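In what follows, a single structure is set out as structure tokens and then discussed.
Keep in mind that what you see is a predicted model, and the values were worked out from it rather than measured.
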Amino acid sequence: MNIFDSYLEEILNLIQENQKKLNIKEINKFKGVSLEIPPANFASDLSSNICMILAKLNNVDSKKLALKIKELITENIRDFKNVEVAGPGFINLSLTNKALISIINKIIIEGKSFGSTTSNFSYNIEFVSANPTGPMHIGHCRGAIFGDVLSNLLKFNGNKVTKEYYINDYGNQIKNFVKSVYLRIREIKFKEKFINEKDLYPGEYIKDIAKKILNKNKFKFDSFDESYEFLEKESLKYSMEMIKNDLKKLGIIHDSFVSEKSLVETRTVTNAITQLKKTKFVEEGYLEPPKGEENKNWKKTKRLIFKSVLFGDDTNRALQKNDGSWTYFANDLAYHFDKVSRKYDKLINILGADHTGYIKRIEGAVKALSEEKTVLECKVCQLVKLYKKGTPFKMSKRSGDFISVNDLLNEVNKDSIRFMMLNRSNDVELDFDFDKVLEKSKENPVFYVQYCHARIQSIYRTLNIKNKKELQINNIEKDFNQYEKEIIKKILEWPKIVKISSRKYEPHRIPIYLYQLATLFHSYWSKGNEDEKFKFIQKGTISKNTMIITQLILIVIQNGMNILNVSLPNKM
RNA sequence: GCGCCCUUAGCUCAGUUGGAUAGAGCAUCGGUUUUCUAAACCGAGGGUCGUAGGUUCGAAUCCUUCAGGGCGCGCCA
């Protein structure tokens, strides 16, 4: 039930049928044609720019054309009254009561699916993919929630979504991680002092992992090399458990976990690169020394390189290290080879701001691997800046005292975190204030939207009305008042918000919209304080109009919060 | 030096493929509760949409220039 789409289509069809009468030719180029809600100072419900676009294409006067089209619409489309031409050639339309009632009935019938479209693509969304060397920290949080809500949004529209986590369980960092666990075990078992060398992980959680391993197993831990295989397996198991647990507390459950190590072991990397060798994208060669700081380990050696410059990257990228082993990028390329082979319609990666430089190479890799058939789109989440009582504070990972998701959850509930992390466009930095999120006021948007829902539930409670009451209307007792009309207009916009958010992969539009809807509701509610006749409950009952308004708001808020996976208490 | 992102009210930010008089919250000032949840609402002031050009019926939005801020520029992961 997207009235913008359906009415626009109807109007376009009408114009197409009357092409000759209107004396216009370029009828098939409707690019840029829109139907939307006009600015508040116009009384109309809908507005279209179609005449300006058509006039330009046909080189005629847009106002004159508008007058002809106005006539056409008036004669042929019964849902509209007061068709008007305004400004440089806008066509402004108002819905008849009958049309409005029919639209409202449809929305109420659609209920939980109101706002959704029926697309049917399969998506793979890779997000979080935090290194399995410790618990999740706050930096991961934004991307995690972004990915999760984007998945919900696309599912809401009928798509199939696989939420995927890539486990970087291979390479030097894992060795250092396992070594840290080993040393902590030695510390506990043999009272050897843990010396914090460079690249080791000093954090407290390593001790916890060490204890768990010691408690469950009677291993000797005499030598690092001999214990390695066992220790690696156990340490990774516990750290992934920690991460999954953090994610679960945030309301996030991935469908699929792919291990980097297993890709190496099953020779996926070799296969991917063998395939690319047949193209112009991978070949043996030399790379230029890096441009930034000097790097001691850099050697001019012949090796396999991926020619990412062909995809707009700054420089070509090494697939092999000095010793001939695969680079991180080679493994990741293989991982994407695997994704491509799983035949999704679309691949999406959610990255942190510090990985922007990686995008061209990996998007290029997918093009090369799929012969341009599969599209990978990377979405970047900018940094989160933390504030406490108005002052910023930083988290450093090196010293081991970073703020974990778990710490965060001890102070702030999941609902607030989820809503706040999406209350800004992913392209801008986000201020996350611990205190604001805890507030129970308009300053805290989560609360404000939840409160709107709770107020409506409170009315139903007072009147002993069940939430799921079937409601159909044949006519309205009296016209909707101005406040109700405004709310209905906002409700009609919901499908549009969902559509844009999905198309642009911008879930932040949803919390922002919900906040705006809540504002209209709270405003209307308070009108009852000034004037008795605006009270929702009149003589112990509720008018049909008010019932409709509250039902519409509930439908949209519930659908929206469902996508966000944020709870809606009935009482606050 | 190069790439990506950002620059809109005092502050933090919204703003569908270009649409009509650019919007919120905070802060400031002033008002509203014997009441369905005042944990709320209403009003006022506040703007050269970073700069300079261009494209056109029409630009915060598209193109170019410059300036400022953030992130990144490994044969680490």
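- Using a 4.0 Å heavy-atom criterion, one finds that A/Thr327 contacts the sugar-phosphate atoms exclusively.
- Where RNA chain B pairs in unbroken runs of 3 or more (Watson-Crick or G-U, both distances under 3.5 Å), the stems are B:1-7 with B:67-73, B:10-13 with B:23-26, B:28-32 with B:40-44, B:52-54 with B:62-64.
- Counting only heavy atoms from C-beta on, A/Arg503 has its side chain closest to B/U16 among B/U16, B/A20, B/C41.
- Of the listed residues (A/Asp313, A/Asp314, A/Thr315), just one forms a side chain to side chain donor-acceptor pair (under 3.5 Å) with A/Arg317, and that residue is A/Asp313.
- At the heavy-atom level, A/Ala55 lies nowhere under 4.0 Å from the strands shown.
- Atom CG in A/Leu422 sits about 15 Å away from atom C1' in B/C13, given to the nearest Å.
- Of all nucleotides listed (B/U16, B/C41, B/C6), B/C6 comes nearest to the side chain of A/Val428.
- Listed candidates were B/C71, B/U17, B/A39. Nearest to the side chain of A/Thr356 is B/C71.
- Between A/His508 and B/G15 there is a side-chain polar atom (N or O) within less than 4.0 angstrom of OP1 or OP2.
- For A/Glu260, taking side-chain heavy atoms from C-beta onward, the closest of the listed nucleotides B/A40, B/A77, B/A14 is B/A77.
- Side-chain proximity of A/Gln173 to B/U16, B/A77, B/C36: nearest is B/A77.
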Using atom names, set out every protein N or O paired with an N or O of nucleotides 55-61 of chain B below 3.5 Å, distance rounded to 0.1 Å.
none

